[in-house]
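Chain letters run A, B, ... following the sequence lines, proteins first and then strands; every chain starts at 1. Side-chain atoms are counted along with the backbone in the values below, which use heavy atoms only and exclude waters and symmetry mates.
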Amino acid sequence: MSELLLGDEAVGIAAIDAGISGAFSYPGTPATEILEFIAKRVGSDGSVSARWSANEKVAYEEALGMSFAGKRSIVSMKHVGLNVAADPFINSALTGAHGGLVAVVADDPSMHSSQNEQDSRFYGDFAQIPVFEPSNQQEAYDMTREAFEISEKFGLPIMVRIVTRLAHSRANVTRAEPATVSAEVNIAPEPRDWTLLPVNARRRFRRLLDIQGSLREYSADSPYNKLMLRGPRGILASGLAYNYVLEAIGVDSSYSLMKVGAYPVPVEMVRKLVSHCEYILIVEEGYPFIEARLNGILGIPGKEIRGRQSGDLPADGEMSTDLVRKAMGMPATEASAAATGLPVRPPALCKGCPHCDTFHAIIEATSEVKDRILFSDIGCYTLGALPPYNAVHSCVDMGSSISMALGAAKAGAHPVLCTIGDSTFTHSGMTPLLGAVREDANITVLVLDNATVGMTGGQETFATGDDLLNLIRGLGVDEEHLISFEPVKRNKKEIVAMMRREINHRGLSVLIAKRACVQVMRQSVQLKQDKVATPA
Amino acid sequence: MSSPKCESDAKGWRILIAGTGGQGALTAARVLCGVFVRRGHDVVSGQLHGMAQRGGSVQSSVLIDTGISPVIGAGQADCVLGFEPVETARALSLMSKNTTVYMNTCAVVPFVVGQQLALTRAGAGYPAVKDLIDCLKKVAQRVFSFDAMQRAFDAGSPKALNMVMLGCLLGSEALPCTADEFWTTTLKTMPSKLKQINTAAFFAGVEWAREVGNAAVEASGS
């Protein structure tokens, strides 16, 4: 049984073969395809519940609840999603897992489509749970399978950390026999373990500390950590970066080589490598996680430890074979310089996108104001930061536009507007809006309801149209200043007048720009045409 | 297999597909991978699109029987399928004198206002396709360019551009698989309503690659 799969899909099929009952996630590049794949494969046969959650924290908690009920579950997200889910993630190391619980986190070094390139291995270390870091699609499958096994063995959630290049690249994956799991609900026997009152939490934290020794023994014996002692020059590589090392050294077998794929870092193995070698190059995708630990505060006298910290490899961005070759002092491969002066293709709002009309109206409505503040959020509409709009002054994290607007208004700024999409709003915008309602904050919130999660490929949202309107009404927004409009060119004059009025209103206004995403419209038209074209 | 056109020696084949969002570059890579996996080869394939799904640059790599990572290093591409002139030139640093380039000359000029502004600021606008070809020829010895989009139109749909380009690759006879074998395998997994157009497009590419390949061999006097 072998298939050509994306890294994300390899994780997904592993979860299916491990016998999960549920997959939980919120869309985010490069992790989106994990849940999409599971839903496509088994979502419709009723064996696995695979649906988007409102946000990553909710997704994590749903997965944790399933684990409490004795079933296996997977929760997947992009790296910054784990910031949102950090609270249940860290605490679940204390509650532990009953049914196997695996958290797959996809990091995005080089920030291809993210606002930072944080390294999730630090979170695994922080929570003190095992982390797997696959170097290829087959390992992504094998490690995810293994993660479910040891999650139940140690009674802990397990992290699988992947990166963009693995998530979005394809290779052959051979599947193993599916696991046999019980279909019965099997509730965690000790509810006190999951009730983190201080008296229980102290006991559970002690337990987490006590099993660290067995976790270290586990990773020391793991086949995913390997050491080959050869010459006095050594290389330590983890995850995907291991491939670049293999490509760089080629047939040269004079290097001592250590590969890390399972954490905690196998200390004894590192000790052997360090005592054998005078020079060690550490190659990691992400931050210098292993390198920093190996160096400690003072470094190792008499040893040359090279890597991102030492400056031999760049401190930021993705690793590559060319970078490894350079760090090893190997001659660069013969290559021409990149072509210069080529026009760039920055991502841009689509032709006919409803956000374009909304931004044009915002610009006109605030054109006479000198010190306008236009906060924004995470989504396609962040592209309103680019010309010709220049109508976005912030993009920090999901939901931040509304809370930042409140803060700026409290500082005395006026006018303060913010733009937030419908999905981002239900992800993390409702709670700050609730605060703004209570204070009647002097801000104008524009909820851009395009009825989809556009940037990640058009996933279903939780509340759109009347549902969204009723939801916002329910948060207590004054009816008089809760206005829904259709952002189209022919309405521009009225929209601008309405915006001016609401901006001048000293208090909270919520304006809903309601028009469907053009990509989604196009897809649904195409679907209809296909249905017509193919007789049943 | 030991064709002079696409030099690969015993180290396998590294193919880069470069285009813009919506041109079918990712699909082409998937089709290519699928066929070679079925034929028992080791295949890894990478794609970079991220936020570029809105008409931005798309690069996809297919490595057959070579490469541990899905990334093609500097100067390491054996063959570049350029779906778009500027995007082909963007892959220049992956090319060497041994690289064979098949390039579609039909440009996708950035159409969104913001991008037009970016172009104006760059000062040059969209470069002349001829200049881009000259630039490629300074690095790669075999650069073949043609209006592949026209062939796709002739075959029945502009969306079949990716099949024309795949046709070029298989028509070059650089890979360990004939065009006919490749297409027979591909058809097995293709929705029936696309078969006719895609077949016409694919073989238009094959035929063109054979023509320019033969002409190149004659010109070099071998």
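With a 4.5 angstrom heavy-atom cutoff, B/V37 touches chain A only via side-chain atoms. Contacts of B/L132 with chain A are made by side-chain atoms alone, with heavy-atom separations under 4.5 Å and no backbone atom involved. For chain B, no part of A/L386 is nearby; none of its heavy atoms comes within less than 4.5 Å. For chain B, the nearby parts of A/N172 are the backbone and the side chain; heavy atoms of each come within less than 4.5 Å. A/L166 does not touch chain B: none of its heavy atoms, backbone or side chain, sits under 4.5 Å away.
Of all heavy-atom pairs between B/L92 and A/A338, the closest is CD2-C, 4.4 Å. Minimum heavy-atom separation, B/Q47 to A/H168: CG-O, 2.7 Å.
Side-chain N/O atoms of B/S69 and A/E247 include a donor and acceptor closer than 3.5 Å.
Environment of CE in A/M521: sparse, with no more than 12 heavy atoms of neighbouring residues, nucleotides or ligands closer than 6.0 Å. Annotation: B/Q196, atom CD; neighbour count of heavy atoms from other residues, nucleotides and ligands within 6.0 Å does not exceed 12. No more than 12 heavy atoms of other residues, nucleotides or ligands shown are found within 6.0 angstrom of NZ on A/K489.
At least one donor-acceptor pair closer than 3.5 Å links the side chain of B/R90 to the backbone N or O of A/P343. Remark: the backbone N or O of B/G73 is not paired with any side-chain donor or acceptor of A/D322 at under 3.5 angstrom.
Most heavy-atom pairs under 4.5 Å with chain A, from the set B/S45, B/A29, B/A91, B/A89: that is B/S45. Top candidate by heavy-atom pairs under 4.5 Å with chain A, chosen from B/S61, B/S60, B/C33, is B/C33.
The shortest distance between side-chain heavy atoms of A/R165 and B/V71 falls below 4.5 Å. Proximity of B/I68 to A/Y242: side-chain heavy atoms (C-beta onward) are nowhere separated by under 4.5 Å. Looking at A/S169 and B/V44, their side chains never come closer than 4.5 Å, going by heavy atoms from C-beta outward.
We find the OG1-CD1 distance between A/T321 and B/I72 to be 11.0 Å, quoted to the nearest 0.5 Å.
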